[in-house]
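Here's the structure we're looking at; comments come further down.
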There are 2 protein chains.
Amino acid sequence: MKDIADKLGVSSVTVSKALNDKEGVSDNLKIKIKKVAGEMGYRFNSAAKSIKDGLSYNIGVMIPHRFTGVNESFYLRVYQEIAIHLDHYGYFGILNILSNEDEEQLNFPRVYSENKVDGIIILGQVGKKYIETVQNMELPKLFLDFYDEHADIDSIITDNFYGAYEITNYLIQCGHREIAYVGNIYSTSSIQDRFLGYYKSLLEHGLSYDEQLLLNDRDERGTYIDIQLPEKMPTAFVCNCDQVAYNLCERLTSLGYSIPQDFSVVGFDNDIYATLANPQLTTVEVDIQEMARTAVKSIMDKVANPNRRNGRVLVQGNIIYRDSVRKTN
Amino acid sequence: MKDIADKLGVSSVTVSKALNDKEGVSDNLKIKIKKVAGEMGYRFNSAAKSIKDGLSYNIGVMIPHRFTGVNESFYLRVYQEIAIHLDHYGYFGILNILSNEDEEQLNFPRVYSENKVDGIIILGQVGKKYIETVQNMELPKLFLDFYDEHADIDSIITDNFYGAYEITNYLIQCGHREIAYVGNIYSTSSIQDRFLGYYKSLLEHGLSYDEQLLLNDRDERGTYIDIQLPEKMPTAFVCNCDQVAYNLCERLTSLGYSIPQDFSVVGFDNDIYATLANPQLTTVEVDIQEMARTAVKSIMDKVANPNRRNGRVLVQGNIIYRDSVRKTN
DNA sequence: CTGAAAGCGCTTACAG
DNA sequence: CTGAAAGCGCTTACAG
C-alpha cells in the first residue's frame, strides 16, 4: 500500500480509501490507484485488517473424528457446502477434525485458543462433557445436525420426525396397512425421532402399532446385526436410513422375494445406498444445501450480533419417489 | 497480554517471552505468567503474529467444483487428511472450491489475493488455461493427484502405472493368460497410465496384447456406457476403477456367470464399490493417508524454503486381496 | 533476567 | 478531497 502511495505521490490513507471504495477520494484518483495496484500485483493483507477490527473472517467447522470413516462422507459434504456459502460472506471455513483424544481431554480447539475464527460450527454430536467445553468458548457457536437439551446453544437439524411422518403417510396412501419400522430406537436420537414420525402417522390413520413390527438393526454399539424378520410379515418397511434399507432389500431378495411386488421398502437420507439398491429406493432426502445455507446464515448473524438467538431450527427433507414402493390400491 | 503484564507488574515483552518459552525469563516468573494467562482466559492473537512475520499459518486447498459431485468423496477425504496433517505443523487448511466460473475467468482465488494462505495445494486437474493462472501466483504451490508436463510445478500423484502393473502381475501369477483391460484410455491420464502398467505386465510375461481385449467403459464426456463384451472372452478383467469393476460384476452376474469361478475381476481405488461388489473386489488401494502426508510435508518444506523443488512424487498403492480372483493353477 | 522502542500493514478519527 | 497521527497485539533487536 505504501509502495503504491509512493509511486503516485499520495498517502497510504488515500490508497486505503480508494481500494475500499470509501468516500473522500476523487473518482479520478481512485481509478488511478486501482490501476497501479493491479499492475504492481498488490495483495491485500487480511491479517492487518483482522488485527484492526478483531475479526478473523474465518469460521471453524469441527467434526468429531469418529464421523469421518471411510464410507461416511455426509459431514464432509456438509462442510463443503458450508465453505461455498461462507464465501458469499467474504468468509472462509477452517476444518477442524476433533480427535477422540482432544474430545476426552476436553481441550479447546486450536482454532479457538489462537483466535483463528469468529465463530464455530460443531458438526456432529460431541460428548456431554465436551459440550460444556464448547459452552465455555466465548464465541458464537452452533450445533449442526444434533442438539442437546441441556446446552443453551442454537442448533440446526434435519426434521427427522416430519420426514418419517410424511414417508409413512405416503405408504399408507399407497394402501399399506401393516408397516414395520427398522431401527434401534435407543441408538441415536435421529433414529428415535424418525420412529416417532412413523408412529404419529400410524396414530393419525387409526392403525394400531404392533411391537412385533419394530425391527432392530444394530446393537448398542451401532454395529449392524442381522435383521430378525417377524413371523407375520408386514407389506412395507420404513427403514431408519438408506444403508439399512439397502441391506434389507438384499436380504429379502436373497430369500426369493421381489421388491416392490412382495414388499415395499423405504429409506432415509438419499445417500449412495438409495441408488445402489435394486430397485432404487424411495426415500427422504436430507437437504444438505439448505442445512449449510441455514447454518452459515445463522452463524454470520451471530458474528454480527452476539446476542442473536435462533433456537432449534428444523430443516425439512424432500421425499424422492423411486421404485421400491408398490401401490396396493 | 498487556492485561497479564499489568496484573503481574511486568512488561508485555516478558509475558510474550514466557508464553513462548523463550530465553530471558526466570522459570519462576514463566510459571506465574502462564498460570495467570490461563486464569484470565488469555487467547493468543494469531493475526498479530501473522502481521509480524508475514505468515498466515494457513494452507489453501483448492478443489475444482466438478470433482465434488454427490457420490464423489475422494477429494474431500484427501482434504480431510490434509487438514489433520497440517495440524501437526501448527497450520490450518482452508478449503476453496473452485467454481467453473472462476476457472473460466481465470480469477485468482480469494485465499490468494487476500493473503490468507502461505501456500496452496491444487487438488484435482484444472484447465490448461487456469494452470497458467496458478503459475502466476507468487506462493508455494503443489499439484495433487495430477500433473502437467508444461507447468514447472511440483506434483504428487498416485502411482497408477505401478499399481496396475502389480495387480496384473498378480493375475498372471494366479494363472491367467487372457486378461482384458476395461477403460477408455483417452479419457483421463490416470486411466491411460493404469493401462500402461497393465500393458507392461503383459510384455514382461511374454503375453501378447490383444486389442479386442481393450474394453471401453465411458464416452468422451466421461459418462459410463454399457461395456461391450468381446466375442472371445478372457479369464480376467483389469478394470480402471472399482466402480467400473462393480458394474462389470453386476453385468456378468446378470448374464448368469459367477465370479470368480467363471471370471476374475480386479479394480482400482479401493473405494466403497470394492466392498459393495459381490464378491468383494481385489483391488489397488490408493493410499490417501500417504498422499496427504507427502503433500503436507512438501508444501511445508516450500513455505520454509521457497526454492525447494520436489518434482513429481509418486505415491504407491497397496494391493488389497479379496475374493474376486480365482487361482487357475 | 527484564523492559523500552520500533515496526508489521492496515483503518479510523480527526485536522486541514 | 487529502493526509498526519494513533493504534490494533504481537515480536525482535537492543539496552540496561
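Small disclaimer: the values here were computed from a predicted structure and weren't measured. What you see below is based on every heavy atom in this structure, not just the backbone, and it leaves out hydrogens, waters and symmetry mates. Per chain, numbering begins at 1; letters A, B, ... match sequence-line order.
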Is any side-chain nitrogen or oxygen of B/S16 closer than 4.0 Å to OP1 or OP2 of D/dT11? yes
Just how far, in rounded Å, is P of D/dA4 from NZ of A/K2? 11 Å
Taking only the side-chain heavy atoms of A/V13 (C-beta and beyond), determine which of D/dA4, C/dG3, D/dT2 contains the nearest atom. D/dA4
Tell me, yes or no, whether the heavy-atom count around A/K2 atom NZ, taken from other residues, nucleotides or ligands under 6.0 Å, exceeds 12. no
Any donor-acceptor N or O pair under 3.5 Å, side chains A/S298, A/N310: yes
CD1 (A/I84) and CZ (A/R293) are apart, to the nearest 0.5 Å, by 14.0 Å
Atom CD1 of A/I4 and atom C1' of C/dT11 are separated, to the nearest Å, by 15 Å
Contact between A/L142 and A/I122 at the side-chain level, heavy atoms closer than 4.5 Å - yes or no? no
Please indicate whether B/K30 has more than 12 foreign heavy atoms, meaning atoms of other residues, nucleotides or ligands, lying under 6.0 Å from its NZ. yes
Residues within residues 107-117 of chain B bordering DNA chain D, heavy-atom distance below 4.0 Å: none
Once you round it to whole Å, what is the distance between C1' of D/dC8 and CZ of B/R43? 16 Å
B/S26 vs C/dT2: side-chain N/O to OP1/OP2 distance below 4.0 Å: yes
Using heavy-atom distances to pick each residue's nearest nucleotide on DNA chain D, tell me which of B/I51 and B/K22 is more 5'. B/I51
Give me the stems containing DNA chain C, sorted by first residue, counting only three or more consecutive Watson-Crick or G-U pairs with both distances under 3.5 Å; say none if there aren't any. C:1-3 with D:14-16, C:5-12 with D:5-12, C:14-16 with D:1-3
What is the distance from CG of A/N20 to P of D/dT2, rounded to the nearest Å? 16 Å
Give a yes/no answer on whether the side chain of A/K30 brings an N or O atom under 4.0 Å of OP1 or OP2 in D/dC1. no
If we ignore angles and hydrogens, is there a donor and acceptor under 3.5 Å between the side chains of B/Y42 and B/D3? no
For the side chain of A/Y42, starting at C-beta, report the closest nucleotide among C/dA4, C/dC10, C/dC8. C/dC10
Between A/K49 and B/S11, whichever has its closest DNA chain C nucleotide further toward 5' is B/S11
Does the gap between the ring centers of B/F74 and B/F67 come in under 6.0 Å? no
Starting from P on D/dC10, measure out to CG on B/D3 and report it in whole angstrom. 10 Å
Assess the side chains of B/D102 and B/N107: does a donor N or O sit below 3.5 Å from an acceptor N or O? yes
Starting from P on C/dT2, measure out to CG on B/L19 and report it in whole angstrom. 15 Å
B/Y112 ring center within less than 6.0 Å of B/F108 ring center: yes
Remember a base hit wins even if backbone is also touched, and classify A/D53 as base, sugar-phosphate or nothing at under 4.0 Å, heavy atoms. nothing
Roughly, in whole Å, what's the span from CD in B/E23 to P in D/dC14? 16 Å
Between B/T14 and C/dT2, is there a contact of a side-chain N or O with OP1 or OP2 at under 4.0 Å? no
Measure the distance from NZ on B/K32 to P on C/dC1 and round it to the nearest whole Å. 14 Å
A/I82: which of A/I299, A/D87, A/I59, A/L144 passes side chain to side chain contact (heavy atoms under 4.5 Å, CB included): A/L144
Heavy atoms only, 4.0 Å cut-off, all strands: where does A/K17 land among base, sugar-phosphate and nothing? base
